[in-house]
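A short write-up of the structure that comes next.
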There are 2 protein chains.
Amino acid sequence: MKDRPSRATGRPTLAQVAARAGVSQITASRALRSIATVDPQLATRVHDAAKALAYVPNPAARTLASARSHSILVLVPALSNHLFIETLEAIQDVLRPRGFEVLIGNYHYRQDEEEELIRNYLSHQPCGILLTGFNRSETAARLLANAGVPCVYMMELRQEEGIVCVGFSQEAAGAKVAEHLLSRGRRKLAFVGAQLDARVLQRRDGYQQAIARAGLPPAFEIMTPEPSSVELGGDLFNRLLKEHPNTDGIFFCNDDLAFGASFEALRKGVAIPEQISVVGFNDLPGAGQMVPRLTSVRTPRATIGQHAASSLLSLLCGETPEVTALDLGFKLMVRESS
Amino acid sequence: MKDRPSRATGRPTLAQVAARAGVSQITASRALRSIATVDPQLATRVHDAAKALAYVPNPAARTLASARSHSILVLVPALSNHLFIETLEAIQDVLRPRGFEVLIGNYHYRQDEEEELIRNYLSHQPCGILLTGFNRSETAARLLANAGVPCVYMMELRQEEGIVCVGFSQEAAGAKVAEHLLSRGRRKLAFVGAQLDARVLQRRDGYQQAIARAGLPPAFEIMTPEPSSVELGGDLFNRLLKEHPNTDGIFFCNDDLAFGASFEALRKGVAIPEQISVVGFNDLPGAGQMVPRLTSVRTPRATIGQHAASSLLSLLCGETPEVTALDLGFKLMVRESS
DNA sequence: ATGAAAGCGCTAACAC
DNA sequence: GTGTTAGCGCTTTCAT
């Protein structure tokens, strides 16, 4: 297009900004990165020059010189789940305005894929990584440790020196659901789980443990590794009622399953019987609101993303977040009245 | 961690690979990039050396030296819509194995946000851009043109020299829905639209035009700029039937709206009356399968992503795709029998 | 607090 | 076909 040497970008460089401001390159660099050790007056001149030239820093040069990029890698197990979409959006909302570039990696709930993503993206020298949970391959964990890149773990909690995590206790959430059902006099409980990632299993464990503490027999479990979906919820609901017709309380590991069950009941012309309580785990926005008599565990999606991003920023500033485990609670939304 | 000069990454460099293979740096570079002008024997030596050292190229250095990165920017209007998630996945499946890094930008159906994303990401010197549709600000279009980066447009078609696009005609899809309803004897048609992005309006236009061609009065329209959702579908369906109780055919611009309408009908204890035909535009996977008597327009999501990515690769190789507009058709899935 | 010099790791340009 | 040289644009290091 332009007749310039093919090596150059044609964009204004830091040298040009510095020249225009009458300072050295390095002073311009420091001023633009708002490093304290620069005279405020010079800094203003530099900023004016940069604005006049419409200067935009070259990220590649910056990364090459400093051996650290401004990109932050976020690894999530799925994009088909609104939980992660909303978390991602919240993360971007925090990081993008501060000049960070958010790289999204979806590993489809597969350890080998997560490992591969980590391997690839580490070559880009990200300045921070946000991870989902703790369930990953040893190789992946070792890659992360060796890279020495600040990490924040989302969605699960672990009290351990040097670990920064933001989320809530999946076990506690499961236990709370059990207590809710028991407090309503339900005694023949069931658990319906799909996907079976680490967090689903933790919710199941917390649920069963609370039931055991109450001195009751364990909940009947229907589990399938298939991905969770509305359709699957209907199928599993049918199967459950066929195998255990006197079930009176069901915990679906995700809201889309619970929604599918409700829909399936409606489709047959019968709403879910009064005597059955259904609890879902909040994932499906909008749709959840429509379902009558469905209790939901409300998780702080956006909040987790926002806090995770903020915690990472603290780490990048060299601060060690005082609370290594930021506990963001969930709450039970009882809709049975509707 | 390691006691190395803080400037260096500590990772093996091309120079080390070259030394080990007994060739010059540039030969190693050419060999690893599979540029033809290198002796096959030397190339093997270089590859062996690279493997032995576990060499991974430094993308920052590469980008700085060549003024072009290996990242490809994909701009989508939303992540809350499965259509775009699946398209993104397909794109990544094509590009990642070939060494490209996929950058995702979500502009929330906002022109100013898309413009901002383009401005930011262009500084990373992407080697290609995938865009959704043609409806963007003039500034954004100018930025793209000036950057001289190969672009491929998705989801809409435009026959124009130098424009590469992959998708289907939204107007034709709308027309096909109208013809379907008319062929079943429906005469009191309605259109229910939310979100109101360019493509929704194009579908509406095609629908109304086909109705006009048939010599019938225009379909009643219920339109809202709110984002499309299952819940909203129920609301709009109620509103439509209150205002026009004798409607006998409805085209919902998205499947989630159509699904919500069906659900709302079931919730009231009445399935959607036999005499009303409902057509949705395929967006909501899984859920759509559950709805009885719902016709759906099936769009080639994954296929569009895959073809768009491939077309971009052709452009990058200097090939001008012979067909400037790859026409990926949609089809009507009639489910009314179920 | 500011600057000069060197260098990050790679590829374009040009010679051979 | 291969190598030499220079340079991409920035930041670190070290001197002042």
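Only heavy atoms go into these numbers, but all of them, side chains included; no hydrogens, no water, no symmetry mates. A quick note: this is a predicted structure, and the numbers were derived from the prediction, not measured.
- If you take CD1 of B:I35 and C1' of D:dG3, they are 15 Å apart, rounded to a whole angstrom.
- Whole-Å rounding puts the B:L32 CG to C:dT11 C1' distance at 13 Å.
- Side chains of A:E113 and A:H108: a donor-acceptor N/O pair is present below 3.5 angstrom, by distance only.
- In terms of phosphate contacts, B:T63 brings no side-chain nitrogen or oxygen within less than 4.0 Å of OP1 or OP2 of C:dC10.
- One atom, OH of B:Y55, and another, P of C:dG9, lie 10 Å apart when rounded to the nearest Å.
- A salt bridge does not link B:E114 with B:R110: every distance from a Lys NZ or Arg NE/NH1/NH2 to an Asp or Glu carboxylate oxygen is 4.0 Å or more.
- Defined by atom type and a distance below 3.5 Å, a donor-acceptor pair is missing between the side-chain atoms of B:S314 and B:S311.
- Here C:dT2 presents its P atom at 12 Å from CD1 of A:I26, a figure rounded to the nearest Å.
- Checking A:Q25 against B:D39, the closest nucleotide of DNA chain D that is more toward the 5' end is the one next to B:D39.
- Taking only side-chain atoms of B:R62, from C-beta outward, the nucleotide of D:dT12, D:dG9, C:dC10 with the closest atom is C:dC10.
- In this structure, B:E156 pairs ionically with B:R199, as a charged nitrogen and a carboxylate oxygen lie closer than 4.0 Å.
- Here the P atom of nucleotide D:dT11 and the CD atom of A:Q125 are 14 Å apart, to the nearest Å.
- Under a 3.5 Å cut-off, the side chain of A:T87 and the backbone N or O of A:L83 do form a donor-acceptor pair.
- At the phosphate of D:dT11, OP1 or OP2 sits under 4.0 Å from a side-chain N or O atom of A:R33.
- Side-chain to base pairing of B:R30 with D:dG3: one donor and one acceptor N or O lie within less than 3.5 Å of each other.
- For the OP1/OP2 pair of C:dT11 and a distance below 4.0 Å, the side-chain nitrogens and oxygens of B:S29 include at least one atom meeting the criterion.
- Contact check, A:T27 against C:dG3: a side-chain N or O comes under 4.0 Å of OP1 or OP2.
- Between B:L64 atom CG and C:dG9 atom P there is a gap of 12 Å when expressed in whole angstrom units.
- In this structure, the CZ atom of A:R11 is 12 Å from the C1' atom of D:dC8, given to the nearest Å.
- Heavy-atom nearest nucleotides on DNA chain D were determined for B:P40 and for A:T13, and the one closer to the 5' end corresponds to B:P40.
- Residue A:T37 places none of its side-chain N or O atoms closer than 4.0 Å to OP1 or OP2 of C:dA1.
- A:S24 has no side-chain polar atom (N or O) that falls below the 4.0 Å cut-off from OP1 or OP2 of C:dA4.
- As rounded to whole Å, 17 Å separates atom P of C:dC10 from atom CG of A:N58.
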